[in-house]
Amino acid sequence: MDADAASFANAVLTWQRRYGRHDLPWQQQDAYRVWLSEVMLQQTQVNTVIPYYQNFLTRFPDLKELADASIDEVLQHWQGLGYYARARNLHKAAIIIRDQHQGCFPRDFAELEVLPGIGRSTAGAILSFAFGQRWPILDGNVKRVLARCFRVPGWYGQSATMKQLWYLAEAVTPGEYTAEFNQAMMDIGSMICVKSKPKCEACPLKDMCASYRHHSQAEYPQKKPQRVKPHKRTLMLLHRCDEQILLWRRPPSGIWGGLWSLPEVDEASAVELWQQSFLSIVQSPRALQQDVIRHQFSHYSLDISLAIIELEALPDGISDTENYAWVDTKDIGKHGLPTPVRKILSLLQE
DNA sequence: AATGCGTGGGT
DNA sequence: TACCCAAGCAT
């Protein structure tokens, strides 16, 4: 490590001891808990994660409990947190560790990074936080600190930019106190080097920050030119019979993969054909719900229309008993549902 | 290499 | 309001 990198690390570590966060629930914990927290924290803010982390740990207190559980129950505990592939991959990785690593977390970077849901940054976080090894991390906070400090051009989606950021992350990471350093970089990013109006006067890197020197903090990181968010629409079918509601298990990949939801068709004219195929009945909804529910994803917005169909009796057969189920309203909570569907069904209870 | 993948909070 | 984007990864 050269002198510049050493002074960078020293400034960061000195700041951390006094101002950094030391009381997060996953700090000073075992690899399982560090891993769980890191996956939950992918693209998700600390305050959102904390209650999910606690609740998840209560049900799955260790790796074996997680590996032995059903994916349905794992997704149930993940519902509302988003990016559900994380939960599916978490479960897959738990099974691999149980079956191929004797239930012990790999301490080797290459073995860790091939596990589903564990990329370069998460592997670095686990190895540094849980095992004290020297590996850099590169989350949104660290990216922003480095992009500003070294005036890295481009935006995060660009491979050249990411390559440069990883190079810098590697270069500034000290061989000692790596966990403290990694934590410090995230803390500086989330507390000092914030997206808008960074608190540069309080920053330990003020003296070596190129953006501060050039008064160009607002220009880094550069923003990706964004395109218009597409609009999509769907029609969800709410079949009710007494207290029973028909739910559909979504395919294991794609949006809301593996979650239970309401059956969908493209438009109202397709409802009867759908019923004929899946329920062997035909009963049109009295009327479509007039209000559409507009749900915003990061990459598109979705207008959800709702058709409520009241049935006198439960249809005899469902053509696909694996992916369709009549669920009592009081048992809805046992299923992992997309957030807008959860809201629709909770309105029904009132 | 660029895009798909959730949700909620901040501005 | 509309937009940004957060403890990223998989493909």
Side-chain angles (χ1 to χ4, degrees), chain A residues 20-21 24-27 33-53 75 78-90 92-93 112-126 128-129 136-145 147 154-163 165-166 169 179 182-191 193-197 218 221-230 232 250-259 261 294-302 336-343:
Chain A
R21 292 177 292 191
L24 294 169
W26 41 82
Q27 291 182 309
R33 294 177 182 221
V34 170
W35 170 52
L36 174 63
S37 72
E38 289 300 328
V39 173
M40 284 188 165
L41 287 160
Q42 289 167 4
Q43 299 297 97
T44 310
Q45 298 184 3
V46 168
N47 287 337
T48 302
V49 164
I50 288 176
Y52 279 90
Y53 174 81
L75 283 169
W78 206 273
Q79 69 166 334
L81 196 55
Y83 284 147
Y84 299 97
R86 295 183 294 175
R88 302 193 300 270
N89 286 331
L90 193 79
K92 287 180 193 165
L112 210 48
E113 203 192 14
V114 297
L115 293 173
I118 299 182
R120 183 172 178 182
S121 189
T122 300
I126 293 170
S128 62
F129 290 136
I137 61 170
L138 192 59
D139 76 325
N141 293 306
V142 180
K143 286 181 208 167
R144 194 169 49 254
V145 172
W155 53 90
Y156 300 150
Q158 293 181 301
S159 56
T161 301
M162 295 306 294
K163 185 177 176 184
L165 289 171
W166 271 115
N182 284 344
Q183 184 65 50
M185 290 293 282
M186 292 192 286
D187 290 351
I188 291 168
S190 69
M191 298 164 66
C193 196
V194 291
K195 180 176 54 174
S196 64
K197 300 179 182 174
Q222 294 172 356
K223 288 169 190 164
K224 174 182 180 174
Q226 66 194 41
R227 59 189 62 177
V228 183
K229 189 189 283 190
K232 300 186 182 184
R250 301 183 61 92
S253 64
I255 195 76
W256 297 329
L259 294 189
S261 188
R294 176 156 294 177
H295 186 72
Q296 298 288 351
F297 294 106
S298 46
H299 45 317
Y300 63 91
S301 65
L302 180 66
L337 306 177
T339 292
V341 175
R342 165 82 46 206
K343 288 177 182 170

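Reminder, nothing fancy here: chain letters follow the sequence lines and each chain counts from 1. Since the structure is predicted, the reported quantities are computational estimates derived from the model, not experimental observations.
Base contact: A:V46 has a heavy atom under 4.0 Å from a base atom. Nucleic acid contact for A:L36: none, since no nucleic acid atom lies under 4.0 Å from a heavy atom of the residue. At a threshold of 4.0 angstrom between heavy atoms, the contacts of A:R342 with the nucleic acid are absent. In this structure, A:W155 reaches neither bases nor backbone, as no heavy-atom distance under 4.0 Å exists between it and the strands shown.
Looking at residues two or more places apart in sequence or on another chain, you find no salt bridge (charged side-chain N to carboxylate O under 4.0 Å, His left out) involving A:R342.
You'll find the ring centres of A:W256 and A:Y84 outside the 6.0 Å limit.
At least one side-chain nitrogen or oxygen of A:K224 sits closer than 4.0 Å to the OP1 or OP2 atom of B:dT3. Between A:R144 and C:dA6 there is a side-chain polar atom (N or O) within less than 4.0 angstrom of OP1 or OP2. In this model, the phosphate group of B:dC5 is not approached by any side-chain N or O of A:S253 to a distance below 4.0 Å at OP1 or OP2.
Each of A:K229 and A:R86 was assigned the nucleotide of DNA chain C with the nearest heavy atom; the assignment lying further toward the 5' end belongs to A:K229.
Counting heavy-atom neighbours within 6.0 Å of A:K229 NZ, excluding the residue itself, gives a total above 12.
Per the geometry, CD1 belonging to A:I255 stands 18 Å off P belonging to C:dA10, to the nearest Å. One interatomic measurement links the two molecules: OH of A:Y156 to P of B:dG4, which rounds to 21 Å at whole-angstrom precision. Between the CG atom of A:N89 and the P atom of C:dC9 there is a distance of 11 Å, given to the nearest Å. Spacing between atom CD of A:Q42 and atom P of C:dA10 amounts to 8 Å, rounded to whole angstrom units. We find that OH of A:Y300 is positioned 10 Å from P of B:dG4, with the value rounded to whole Å. To the nearest angstrom, P of C:dC9 lies 13 Å from CG of A:L90. If you measure from atom CE of A:M162 to atom C1' of C:dG8, you get 8 Å, rounded to the nearest angstrom. Straight-line distance from the CG atom of A:L41 to the P atom of C:dC9: 12 Å, rounded to whole Å.
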Taking N or O atoms only and anything under 3.5 Å, show me the protein contacts with nucleotides 7-11 of chain B, one pair per line.
| from | atom 1 | to | atom 2 | distance (Å) |
| --- | --- | --- | --- | --- |
| B:dT7 | OP1 | A:Y84 | OH | 2.8 |
| B:dT7 | OP1 | A:T339 | N | 3.0 |
| B:dT7 | OP1 | A:T339 | OG1 | 3.1 |
| B:dT7 | OP2 | A:W256 | NE1 | 3.1 |
| B:dT7 | OP2 | A:H295 | NE2 | 2.8 |

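The P atoms of C:dA7 and B:dT11 are separated by 14 Å, rounded to the nearest whole Å. When the P atom is compared between B:dG6 and C:dA2, the two are found 24 Å apart, to the nearest whole Å.
Between A:Y300 and A:P230, the closest heavy-atom pair is CB-O, 3.2 Å. A pairwise comparison of heavy atoms in A:P252 and A:R88 identifies O-NE, 3.0 Å as the closest pair.
Geometrically, A:K143 engages A:Y156 in a cation-pi contact, judged by NZ or CZ lying under 6.0 Å from the ring centre and within 45° of the ring axis.
Between the base of C:dA7 and the side chain of A:R21 there is a donor-acceptor pair shorter than 3.5 Å.
If you take CD1 on A:I137 and CD1 on A:I126, they are separated by 11.5 Å, rounding to the nearest 0.5 Å. Once rounded to the nearest 0.5 Å, the distance linking CD of A:Q296 with CG of A:L302 reads 9.5 Å.
Closest to the side chain of A:R227, from the set B:dG6, C:dA7, B:dT3, is B:dT3.
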